[in-house]
4 protein chains.
Amino acid sequence: MNITSKSEIKRKALIDATIELVNNNGFHATPMSKIAKMAGVSAGTIYLYFENKQDLVDQVYLEVKAAFTSYAFRNYNEEMSVEKGFETIWKNIAEFKLKEVEEAYFLSQCDNTPIVDEPVRQQGLKHLQPLLDLWEKGQQQGIIKKVSPYSLYAFSIYPIAFLMNMQQRGVYQLTPEHIEEAYEMAWHSIKN
Amino acid sequence: MNITSKSEIKRKALIDATIELVNNNGFHATPMSKIAKMAGVSAGTIYLYFENKQDLVDQVYLEVKAAFTSYAFRNYNEEMSVEKGFETIWKNIAEFKLKEVEEAYFLSQCDNTPIVDEPVRQQGLKHLQPLLDLWEKGQQQGIIKKVSPYSLYAFSIYPIAFLMNMQQRGVYQLTPEHIEEAYEMAWHSIKN
Amino acid sequence: MNITSKSEIKRKALIDATIELVNNNGFHATPMSKIAKMAGVSAGTIYLYFENKQDLVDQVYLEVKAAFTSYAFRNYNEEMSVEKGFETIWKNIAEFKLKEVEEAYFLSQCDNTPIVDEPVRQQGLKHLQPLLDLWEKGQQQGIIKKVSPYSLYAFSIYPIAFLMNMQQRGVYQLTPEHIEEAYEMAWHSIKN
Amino acid sequence: MNITSKSEIKRKALIDATIELVNNNGFHATPMSKIAKMAGVSAGTIYLYFENKQDLVDQVYLEVKAAFTSYAFRNYNEEMSVEKGFETIWKNIAEFKLKEVEEAYFLSQCDNTPIVDEPVRQQGLKHLQPLLDLWEKGQQQGIIKKVSPYSLYAFSIYPIAFLMNMQQRGVYQLTPEHIEEAYEMAWHSIKN
DNA sequence: CATGAATGAGAATTCATTCAT
DNA sequence: AATGAATGAATTCTCATTCAT
């Protein structure tokens, strides 16, 4: 058996339990003891893997964010045209938020509350660089609106989170047609 | 002395303290004792005004949401053209989020975490109806894209929250030009 | 209107409320505020009639005890024969416990817990003297067993409390026949 | 080390502390913190052994009641004559109330106040059945008065509690002669 | 006399973290 | 590494009592 495998399994179990419980109850309403129980380990064991509760969420945040950005750039390469590249990335992100609902909802909770602090959040953002590069290239080519990348993000990527939240709450169904429709809106809002 | 004045002042102080502390620390990391201290009353006094901690946030949420929607429809009336009406509402919302940063951030925290529950959130939404009516009128006139109101909201209104968050974190400055720019993007994403 | 009447009505209402609430919840689970509400007065008003909560129960105890002993000696006079006298007193006590269930249950609670303290309890006992005198006369006449008055009380009077408790809990019905039967047992246990 | 020893010792210490403190102060005037301190454990530890304060008293009540009934039937067997059987049980009960004063007083407090509720009390009663059986046998043999078992209990067993209370308060001394005397009274009150 | 808002000490309970095993 | 009993500080909430009106 792989040296790390057994402990990696426990670590993974702890992370999954944290995501599920924080999603349902919020960070501070999630006791370490419940996380331990759901992960099938003892309370003290958590502290072999994580320094303390804050370190636990921080690491969960960073790992989920990394998984998210990795997913976002699947099948993307810098040789693609700006439009094709954006479509690829946008749909990856949409697919992630649809398929990995728990992870996505966890991220949205961390991004909208003070449970992880600024430095950690900054660290989580660094992997999004290729999208910013793509936008800059598009702006140089006159394809993308010459506005701040924050605006581009706000109007093309951020809306996906809202649609996911609504679907999560059961008030809205994100069908494939809705996704295509939404992609068109995203693209129209940033293209020139 | 005005009948309500003294107790209304305390109630207001409690609500303000709640907003500020929850914004900075999160709901569960905000003890009632701190809220009381910041509001300048004793711990027990909170319970003269609110049933318990949950009731306190619920009421704060509903009041802030009401203030927000009331702000959103300033100077708006149903005789306006669809485009003019939308511009009015959109800019009101942007102004609210810029001026009443604390309130806006509090709402975004409640809307993205399980601290207020679905029934309360539903109640908070009811005042947004005039915007939905405007969109429907626009769709009938062929001015607005025929997509779900959730999509319209996601791509035109929701992005403002992101820009506000970024400004809140100091990584971005929402100047009047930025706002005009953002309004244009919002309008282009939903107009036909 | 009689000078004291209005305040006496309130005092009475407070005493009645105390009895009812302490019976149902116990002394320490009965807040002054609830007593006030049930008595139809404001919380502060209690302190115009009683020094504090302890003083309130003490006074309720003493008054109910006085009512009890007064009831116990109805139609009794020292010229009666020992047997007739005992029957009169015993049946008065039984009648009181049957009719004034609330008062009787309150007394039994006070007599079996530390809610009123020894001096007050002693004070409450002083009115029972005629019964002790009767017993002593009976002993001198050779009619009553020559045992401690505590034993006489334990076997002839105290059992009534048990029967009342059982009736109170609904597991037993004290019919007139039961009472006669019980009286016979009481008398047989103390007579020579 | 014995599997149960360490935690059983703590559990026992908590139960003993509860009895002593409730006896002296009453249930609601006994804070969990004091129980913990007297038992030599930390406040939080109580909740490892008992769900909450109510569960604690309930369990103490049931255990003490079980100890009481077990004590009551020492050296008793169903082959004994009715009179001998009753004497055995009665004197056991008297001995228990004399020797285990704390336990006995605790029971009398629970039996006369609303601190444990009816279902728990019912559960505590189930072990008294052999005495009821004995009485029924005695009634069939014409030895025991044909009255409700509640009456038999009220006049033969319940009085012991009163004598114990008086001794507890120091106003009365239960010497062996007093006990014999009391037993005679008990027996005479129920025999035919 | 009467009110009832306000107080603040104190209660029950929870939970992050430690540490002996 | 892993456990889980134990801790005790912190939290929510209650309630006897006071006092300005």
Using a heavy-atom cut-off of under 4.0 Å over every strand shown, decide if C:F50 touches base, sugar-phosphate, or nothing. nothing

Can a donor-acceptor pair be found, under 3.5 Å and without considering hydrogens, that links the side chain of [X] to the backbone of [Y]?
X	Y	answer
B:D117	B:P119	no
D:K65	D:V60	no
A:T30	A:L21	yes
C:K53	C:F27	yes

Separation of atom [atom1] in [X] from atom [atom2] in [N], rounded to whole Å:
X	N	atom1	atom2	answer
D:L56	E:dA12	CG	C1'	12 Å
D:Y47	E:dA16	OH	P	17 Å
D:K53	E:dT13	NZ	P	8 Å

Between OH of A:Y49 and NZ of A:K12, what distance do you get to the nearest 0.5 Å? 14.0 Å

Covered region of DNA chain F, 5' end to 3' end, by chain A [heavy atoms, under 4.0 Å]: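 Extent of the interface on DNA chain F: F:dA1 to F:dG4.
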
Considering only heavy atoms from C-beta outward, does the side chain of A:F68 approach that of A:E103 to under 4.5 Å?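 Not in contact.
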
Taking side chain as C-beta onward, heavy atoms only, is D:Y61 less than 4.5 Å from D:Q123?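 Answer no - side chains too far apart.
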
Could you walk me through whether A:D55 and A:Y47 pass the side-chain hydrogen bond (donor to acceptor under 3.5 Å, both in side chains) check? CA-CA 10 Å; A:D55 181 49; A:Y47 294 85; over 6 Å; no

Could you check A:N165 against A:Y105 for side-chain hydrogen bond (donor to acceptor under 3.5 Å, both in side chains), going step by step and ending with a plain yes or no? CA-CA 7 Å; A:N165 275 340; A:Y105 186 60; 5.6 Å; no

I need the minimum non-hydrogen distance between D:A17 and D:I35, along with the two atoms involved. CB-O, 3.7 Å

Starting from the 5' end of DNA chain F, give me the residue, A:L48 or C:E51, whose nearest nucleotide shows up first.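 First, find each residue's nearest nucleotide; the 5'-ward one identifies A:L48.
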
Can you list, by residue number, the residues of residues 16-45 of chain B that have a non-hydrogen atom closer than 4.0 angstrom to DNA chain E?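 The stretch gives B:V41, B:S42, B:G44, B:T45 as the residues lying under 4.0 Å from the strand, ordered by number.
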
At how many degrees, to 10°, do the end axes of the helix from E:dA2-F:dT21 to E:dT21-F:dA2 meet when each uses five pairs? 10°

Show your working on side-chain hydrogen bond (donor to acceptor under 3.5 Å, both in side chains) between D:N112 and C:Q109 and close with a plain yes or no. CA-CA 6 Å; D:N112 286 282; C:Q109 218 179 128; over 6 Å; no

